[in-house]
Amino acid sequence: MAVSCEKENIIVVCGPTATGKTAIAVQLAKAFNGEVVSADSMQVYKGLDIGTAKVTQMEMRGVPHHLLNILSPAEEFSVAAYTAAAKNAITSISSKGRLPFICGGTGLYISSLVNGITFTQAKTDNEIREHYKTQWVRCGAVAMYEKLKKIDSEYAKKLHPNDKTRILRALELYCQTGSTMTEQLRTSRQGGPPYNVCLLMLAFEDRQKMYNRIDARVDVMLEAGLLEEAAYVYKNQDLFKTAAKAIGYKEFFPYFEGRQTIVECTAKLKQASRNYAKRQVTWFKSMQNTAVTATTQLIYMDNTGYGTPFEIAAREVDEFLQKSSCPTSCPMK
RNA sequence: GGGAGAGUUCCCGAGCGGCCAAAGGGGGCAGACUGUAAAUCUGUUGUCUUCGACUUCGAUGGUUCGAAUCCAUCCUCUCCCA
């Protein structure tokens, strides 16, 4: 993907949980006159700080951060809402002559933003959603899958019959908008990638090291008071629909119910975090392969033969900015 | 010292003469992902180059056409009575 001077530059700092995205993003933002835009589905919520590993005021070091604490945990959020908000943030940062650094671990959010996915106008209709959910229970998976096959066989072919979430969403979309998921997938990309993207992927060359870091961070969170935060989410679990699914809270529910010890729950939490990190690795790998980005740099946090991770990242950003700077003949100048 | 029981593939755990390289779960590895995404879903997991072959169910030896499954001895562990 070529760099274009008609598009805004953005730097994306992504990678699995506990790799050190936050620190790198802040350092880079300071070095390149930037601001940080979070790409995290859970850090949007106020009051969920420890479990989501949200940057602290101190860690921000004066760098403005966007899309953090924008919602009450009782509110719902979505990719569509995210990309819209992120676009706004990017525009406002760029218009100040500063550089936006997108930093986070939610693969769907990042890839949707970077690919410029256009979502449908229609908002989630909980009535329709509930309707199909009850139908699923009543009629069974096979029947629902068959139903989808009839309206959108192309998309159905791509799904496994057990993929409840996606089968229901596809049915819901059709019911609500009259268009199929296949159509949505096609039209959503018509705008093309909207930004010049410099993608920095943080990773660990040694998987075991990544897992060790994750385990250690869970212990730190616990010391920082994760349990109280988890209790808060537990008490409000019916209200905090999304947060109740976040890793770091639900694992302690059995403890609050007296069914498991803290030790057991902590082990479960570490396990869930490690599994999550693996899924993130897969996501970012596939993003790397489908490169809609101007440049992509993989940065191993545990093998920095060519300088510190920050130095490597900074060098990459520097090169990217030079490449994308408009020549004097550029009509945009 | 006496009695009862257990040792299965990375882990837990089913199997109790052939259909067993061995259910199921966990973990590992790999993948998917378009308004719940920190969610959800899929594949794979003894060795060897495939059909297939080979090694495995604490150890050794036996019974049998055939054993993870039956018998003997041994080793280890748990529990109960002393």
Side-chain angles (χ1 to χ4, degrees), chain A residues 16-18 38-45 48 50-54 71 73 75-85 104-126 128-130 132-133 136 141 145 152 155 157-170 172-173 176-177 179-191 207-208 210-211 214 217-218 221 230 233 240-251 264 267-287 289-290:
Chain A
T17 189
S38 164
D40 189 295
S41 64
M42 295 296 163
Q43 294 184 5
V44 292
Y45 292 113
L48 308 182
I50 301 166
T52 64
K54 204 182 280 169
L71 294 177
E75 292 177 90
E76 284 176 20
F77 199 52
S78 67
V79 221
Y82 173 76
T83 49
T106 304
L108 177 65
Y109 289 6
I110 295 174
S111 82
S112 298
L113 178 69
V114 156
N115 287 294
I117 302 297
T118 316
F119 293 94
T120 53
Q121 284 312 110
K123 292 235 170 71
T124 307
D125 186 325
N126 282 316
I128 298 177
R129 187 164 288 187
E130 285 309 313
Y132 281 116
K133 264 193 201 164
W136 181 281
Y145 184 67
D152 187 357
Y155 187 61
K157 249 181 255 162
K158 290 199 273 189
L159 297 183
H160 189 279
N162 287 349
D163 201 339
K164 181 177 169 181
T165 314
R166 291 188 184 79
I167 292 169
L168 291 186
R169 169 90 262 262
E172 175 191 313
L173 179 79
Q176 205 179 350
T177 67
S179 70
T180 63
M181 189 56 89
T182 299
E183 281 162 8
Q184 158 62 11
L185 288 173
R186 198 179 52 244
T187 56
S188 68
R189 285 177 176 272
Q190 279 172 354
R207 182 67 57 82
Q208 193 52 52
M210 177 175 90
Y211 289 161
I214 289 170
R217 192 170 71 166
V218 168
M221 284 179 176
V233 173
F240 299 179
K241 279 188 178 167
T242 308
K245 288 184 201 154
I247 295 169
Y249 306 126
K250 62 175 184 293
E251 288 76 16
E264 288 170 317
K268 189 79 201 42
L269 167 54
K270 288 176 178 174
Q271 184 59 62
S273 305
R274 278 181 254 130
N275 293 157
Y276 171 50
K278 172 55 185 72
R279 271 176 272 138
Q280 288 177 301
V281 168
T282 302
W283 195 297
F284 296 128
K285 244 193 257 175
S286 84
M287 256 178 74
N289 296 336
T290 56

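The structure displayed is predicted, hence computed values, not measured ones. In what follows, chains are A, B, ... by sequence order, proteins preceding strands, each numbered from 1. Hydrogens, waters and symmetry mates are skipped; everything else that's a heavy atom, side chains included, is used.
- At a threshold of 4.0 angstrom between heavy atoms, the contacts of A/Thr52 include nucleobase atoms, whether or not backbone atoms are also involved.
- No contact: A/Tyr249 has no heavy atom under 4.0 Å from any strand.
- Here A/Arg279 does not reach the OP1 or OP2 of B/rA38: none of its side-chain N or O atoms lies under 4.0 Å away.
- Pairing partner, B/rU9: none, since no Watson-Crick or wobble contact has both distances short of 3.5 Å.
- In this structure, OH of A/Tyr276 is placed 4 Å from P of B/rA38, rounded to the nearest angstrom.
- Applying the Watson-Crick and G-U wobble criteria (two distances, each under 3.5 Å), B/rA21 pairs with nothing in any strand.
- Contact annotation for A/Tyr211: backbone-only contact, meaning every heavy-atom pair under 4.0 Å involves sugar-phosphate atoms and none involves a base.
- When heavy atoms are screened at a 4.0 angstrom cut-off, A/Arg166 is found touching base atoms of the nucleic acid.
- At most 12 non-hydrogen atoms from other residues, nucleotides or ligands lie less than 6.0 angstrom from CD of A/Gln121.
- Taking only side-chain atoms of A/Tyr155, from C-beta outward, the nucleotide of B/rA38, B/rA39, B/rU34 with the closest atom is B/rU34.
- For the pair A/Glu183 and A/Arg186, the salt-bridge criterion is not met [side-chain N within less than 4.0 Å of a carboxylate O].
- Applying the side-chain hydrogen bond (donor to acceptor under 3.5 Å, both in side chains) test to A/Ser78 and every residue at least two apart in sequence or in another chain returns nothing.
- Within the 4.0 angstrom heavy-atom criterion, only backbone atoms of the sugar-phosphate kind lie near A/Gln271; the bases stay farther away.
- Across all strands shown, B/rU47 forms a Watson-Crick or G-U wobble pair with B/rA53, both key distances being under 3.5 Å.
- Taking the P atoms as reference points, B/rU73 lies 15 Å from B/rG2, given to the whole Å.
- Remark: B/rU40 base-pairs with B/rA32. Criterion, Watson-Crick or G-U wobble with two distances under 3.5 Å.
- Within the nucleic acid shown, A/Gly248 has no heavy atom closer than 4.0 Å to any nucleic acid atom.
- Within 4.0 Å (heavy atoms only), A/Lys123 reaches at least one base atom of the nucleic acid.
- Counting any heavy atom pair closer than 4.0 Å across all strands shown, A/Lys164 reaches no nucleic acid atom.
- If you take atom P in B/rU63 and the same atom in B/rG1, they sit 33 Å apart, rounded to whole Å.
- Contact annotation for A/Thr242: backbone-only contact, meaning every heavy-atom pair under 4.0 Å involves sugar-phosphate atoms and none involves a base.
- Look at A/Thr165 and you won't find any side-chain N or O under 4.0 angstrom from OP1 or OP2 of B/rU36.
- Using a 4.5 Å cut-off on side-chain heavy atoms (C-beta onward), A/Leu173 and A/Arg169 make contact.
- Across all strands shown, A/Gln121 has heavy atoms under 4.0 Å from base atoms, whether or not it also approaches the sugar-phosphate.
- Judged by distance alone, with hydrogens and angles left aside, A/Arg169 brings no side-chain donor or acceptor close enough to the base of B/rU34 to form a pair under 3.5 Å.
- A/Lys133 comes within contact range of at least one nucleobase, with a heavy-atom separation under 4.0 Å.
- Residues A/Thr182 and A/Thr180 have side chains that never bring a donor and an acceptor to within less than 3.5 angstrom of each other.
- Side-chain contact annotation: A/Ser273 with A/Arg217, donor-acceptor N/O pair under 3.5 Å absent.
- Contact annotation for A/Ala243: no contact, since no heavy-atom pair falls under 4.0 Å across all strands.
- Nucleotide B/rU36 holds its P atom 17 Å from the NZ atom of A/Lys250, rounded to whole Å.
- In terms of heavy-atom proximity, A/Met210 sits nearest to A/Lys278 at CE-N, 4.5 Å.
- Across all strands shown, nothing is found opposite B/rA14 as a Watson-Crick or G-U wobble partner with both distances under 3.5 Å.
- For the pair A/Tyr109 and B/rA37, the criterion of a side-chain N or O lying under 4.0 Å from OP1 or OP2 is met.
- The partner of B/rU64 is absent, by the rule that a Watson-Crick or G-U pair needs both atom distances under 3.5 Å.
- For A/Trp283, the listed nucleotide lying nearest its side chain is B/rC33; candidates were B/rC33, B/rG31, B/rU36.
- Applying the 3.5 Å distance criterion, the base of B/rU34 shares no donor-acceptor pair with the side chain of A/Ser112.
- Within the 4.0 Å cut-off from OP1 or OP2 of B/rA30, at least one side-chain nitrogen or oxygen of A/Lys278 is found.
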Using a cut-off of under 3.5 Å, enumerate the N/O to N/O pairs linking the protein to nucleotides 42-44 of chain B.
from	atom 1	to	atom 2	distance (Å)
B/rU42	OP1	A/Asn162	ND2	2.6

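- Within 4.0 Å (heavy atoms only), A/Asn115 reaches no atom of the nucleic acid at all.
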